[in-house]
Amino acid sequence: MIEVVRAGQLNSVQDMGRAGSRHLGVCQSGALDRHALAIANLLAGNPVDAAALEVTLGPCELLFRDAGRIALGGADFAATLDGRPLAPWWSVPVRAGQRLTLRAARQGMRAYVALAGGIDVAIVLGARATDLQAGFGGLGGRALRAGDTLRAGPREPSSSSAPTSSPPSPSVARSPTSASAAARRFGIRAPAYCDGGADAPLPIRVMPGPDHGLFSAAAQRAFWDGVWTLTPHSNRMGFRLGGPVLARKKGKDLPSHGVLPGVIQVPPAGQPIVLMADAQTTGGYPKIGVVIQSDLAKLAQLRVHRQLRFVACDAAQAREALRQDGMCLRQIQAAMPWAPP
Amino acid sequence: MPVDMASRRRPRRARSEAPTIPRHASVQKAAAAMHRPVIHALGEGALILQAGTGATLACQQRLWAVAAQASRWPHVRDAVPGMNNLTILFDPLAADPDGLSAQLNAAWDGAAASRRPGRRIEIAVDYGGASGPDLEAVARHAGLSPREVVQRHTAADYIVYFIGFQPGFPYLGGLDPRLATPRRADPRLVVPAGSVGIGGQQTGIYPLSAPGGWQLIGRSALRLFEPAADPPTLLQPGDRVRFVAAEVAA
């Protein structure tokens with residue numbers, strides 16, 4: 001059992017979110033940085049889609065009433081465990097009575113705290129993610145509050161004597177069978193996408209959207225060549241960008257249509273919005289482009305007032321990026337202390 | 001750069017059945033020919049099929065039929081109807097978008113307007129007063145009395161075209177054009193759940209409390225979305241809705 005001593009703000013239980021309910025008007029929800037969630041889960045011995053805590057604004061302090069294991073992924077929140085620094089991308093055992101504190105992101109925007117066994121809350125419409133807009137799922141359909149308690153789900157011991165030809169089941173949380181393995185503290189090198197790119201505008205790969213041709217030639221050039229700034233009017237529903245005004249060629253309003261995270265809408269004012277996990281399921285604004293799924297993680301870690309630029313990409317390149325992400329996860333999984341030899 | 005995946009080889013065919021025009025539709029096109037749909041990629045994991053000009057009920061019924069089929073295809077994650085269009089979401093590493101486009105075109109060609117017998121649902125509404133703070137504004141705009149607005153709003157048989165914007169939120173066809181009212185210049189920060197509103201030529205009912213710019217003419221206690229229920233939404237595409245005045249404060 002985990003007690004939330006200090007909740008911070010905008011912090012919530014998230015997994016990979018809901019697929020398959022958009023036709024009911026239910027948005028995806030889930031982690032904004034799905035790659036960091038997946039890695040944190042693997043480091044904790046979980047399946048990649050277990051529910052974890054998404055932390056956006058600290059300080060967030062958790063008290064562990066039971067022994068277990070945790071892993072951090074995503075942004076560096078200057079985390080400490082009983083006052084001892086705990087870096088992102090590290091997996092450590094926790095003893096009953098220990099406290100984990102996440103403070104403020106030094107780089108990046110969102111961190112994921114994975115608990116071995118995953119966070120055990122009810123599955124609603126196929127996921128444990130909190131739908132913060134509609135107010136259901138996760139822990140009471142809302143952000144964490146001080147005094148909340150969370151439970152970790154069960155873990156199964158890995159069969160270290162299993163034949164090497166059978167890969168571990170992807171849906172079962174693993175725990176080390178030996179005491180020494182259970183005591184292991186280990187970490188991985190931060191994934192490349194977390195570099196933040198220092199001062200250069202972050203390149204984000206985008207497939208041209210169905211309505212790209214509705215924009216003037218000058219607007220199209222401005223979209224691809226321009227430098228865009230992430231404005232403070234950005235949240236889990238959408239990231240609003242500041243930059244050149246994108247003028248649309250005259251035309252009728254578009255009828256309402258299904259959209260999804262990654263879609264870049266341009267409302268009449270001409271400033272693009274990148275839809276994110278909590279975006280509504282339908283929209284009516286022209287879609288100039290769609291961020292490729294693999295780059296949404298990078299975008300989710302971009303700090304407000306930082307800059308980005310769009311790089312044209314096609315479907316084949318987008319799929320290859322997803323394959324690379326999958327390969328990265330398999331390599332990490334294979335390196336875990338509880339992976340079969 | 002955008003890839004237009006519409007097949008160019010098939011000739012246009014005249015439809016033998018006349019499209020059913022929604023009773024109070026403001027767009028009255030006697031079009032007999034259904035245009036070829038256009039399919040665009042929407043990122044690497046989605047396709048959007050646009051049915052062509054004129055949002056008619058018959059076209060929407062055909063999209064419902066295509067959506068029902070597509071949701072059963074391997075690797076398709078969701079089929080989301082919009083107004084005269086359909087967005088298909090799929091696993092990009094498992095499904096081939098060109099193959100899916102071909103399947104969509106074939107499904108469209110073969111789809112009769114979905115004859116799903118939509119259920120009839122009556123929604124009791126308290127009109128005006130605190131429940132409908134904009135009823136008088138709508139009446140003034142329409143040149144009608146508030147009671148006449150309620151009469152016209154409750155006289156129509158609305159059809160759910162699709163669900164979107166919020167869980168369970170129905171996009172309804174069939175608003176009396178006389179009642180069409182522009183959205184508020186100043187959207188409200190909070191529109192209470194169950195509010196019945198008019199926004200432009202559309203009418204609907206908010207399942208959840210949210211910010212919104214529609215003109216609120218009444219409120220209903222009916223729950224349109226219950227995440228733990230099966231199905232979780234009260235309404236689905238094809239359902240017929242009537243509003244019934246429970247109370248009128250006007």
Side-chain angles (χ1 to χ4, degrees), chain A residues 18-28 122 124-125 131 133-137 141 206-213 220 224 252-264 280-284 287 289-294 296 312-323 326, chain B residues 1-4 38-51 53 55 67 71 76-89 91-93 97-98 161-171 193 200 202 207-210 224-228 231-233 235-237:
Chain A
R18 296 175 175 90
S21 294
R22 301 186 76 80
H23 66 282
L24 301 174
V26 176
C27 73
Q28 178 184 289
V124 183
L125 289 173
D131 187 323
Q133 300 308 310
F136 72 90
V206 166
M207 283 176 60
D211 308 317
H212 185 269
Q220 292 177 14
W224 296 107
K252 290 188 297 196
D253 276 346
L254 297 182
S256 292
H257 52 269
V259 290
L260 59 156
V263 166
I264 306 172
Q280 292 162 357
T281 55
T282 52
K287 309 166 289 300
V290 186
V291 175
I292 72 169
Q293 290 176 21
S294 179
L296 286 174
C313 176
D314 63 26
Q317 292 167 322
R319 289 191 293 267
E320 183 53 31
L322 282 174
R323 274 186 212 105
Chain B
M1 274 193 287
V3 178
D4 181 344
V38 170
I39 301 176
H40 285 289
L42 192 58
E44 74 274 26
L47 294 171
I48 180 164
L49 180 156
Q50 285 154 323
T53 60
S71 357
V76 169
R77 290 171 171 158
D78 212 339
V80 185
M83 186 61 81
N84 208 39
N85 53 63
L86 178 64
T87 300
I88 306 291
L89 290 89
D91 178 351
L93 293 185
D98 289 338
Y161 271 56
F162 60 99
I163 306 287
F165 164 60
Q166 282 184 345
F169 180 92
Y171 280 73
Q202 296 219 252
L208 305 164
S209 175
L224 293 181
F225 176 65
E226 196 61 68
T233 64
L235 298 173
Q236 49 188 309

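Remember, it's a predicted structure, so these values are computed and weren't measured experimentally.
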Q: Would you name the heavy atoms of B:Pro92 and A:Arg319 that are closest together and state the gap between them?
A: O-CD, 3.0 Å
Q: Identify the heavy atoms of B:Glu44 and A:Gln293 that sit nearest to each other, and give their distance.
A: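 Closest approach of B:Glu44 to A:Gln293, heavy atoms only: OE2-N, 2.9 Å.
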Q: Can you name the closest pair of heavy atoms from B:Gly43 and A:Val290 and give their distance?
A: N-CG2, 3.5 Å
Q: Heavy-atom pairs under 4.5 Å with chain B: which of A:Ala19, A:Gly258, A:Ser256 has the most?
A: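 If we count pairs closer than 4.5 Å to chain B, A:Ser256 comes out on top.
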Q: For B:Leu42, is it the side chain, the backbone, both or neither that has a heavy atom under 4.5 Å from a heavy atom of chain A?
A: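 When you check distances to chain A, atoms from both the backbone and side chain of B:Leu42 fall under 4.5 Å.
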Q: Enter the distance from B:Gln50:CD to A:His257:NE2 here, rounded to the nearest 0.5 Å.
A: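 The distance works out to 8.0 Å.
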Q: With a 4.5 Å cut-off on heavy-atom pairs, point out which of A:Val124, A:Ile292, A:Thr281 contacts chain B the most.
A: A:Ile292
Q: Of all heavy-atom pairs between A:Ser21 and B:Asp78, which one has the smallest distance, and what is that distance?
A: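 Nearest pair, atom of A:Ser21 first, then B:Asp78: N-OD2, 3.2 Å.
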Q: Below 4.5 Å, heavy-atom pairs only: which of B:Pro232, B:Pro227, B:Ala67, B:Pro207 has the largest tally toward chain A?
A: B:Pro227
Q: In Å, rounded to the nearest 0.5 Å, how long is the span from CD of A:Glu320 to CG of B:Leu93?
A: 9.0 Å
Q: Could you tell me the separation between the CG atom of A:Asp211 and the CD1 atom of B:Ile48, rounded to the nearest 0.5 Å?
A: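 Interatomic distance, A:Asp211 CG to B:Ile48 CD1, rounded to 0.5 Å: 7.5 Å.
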Q: Determine the minimum heavy-atom distance between B:Pro81 and A:His23, stating which atoms define it.
A: CD-CB, 4.4 Å
Q: Could you pull out the closest heavy-atom pair between B:Phe165 and A:Thr282, with the gap in Å?
A: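 Heavy-atom minimum between the residues: N-OG1, 3.0 Å.
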Q: What I'd like to find out is whether the side chain of B:Phe225 reaches to under 4.5 Å of the side chain of A:Val26, using heavy atoms alone.
A: yes
Q: Heavy atoms only, distances under 4.5 angstrom: which of B:Ala193, B:Ser209, B:Gly164 has the most pairs with chain A? Name it, please.
A: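 Maximum pair count with chain A is reached by B:Gly164.
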Q: Pick one of side chain, backbone, both or neither for B:Ala46, based on which atoms fall under 4.5 Å of a heavy atom in chain A.
A: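 Side chain only.
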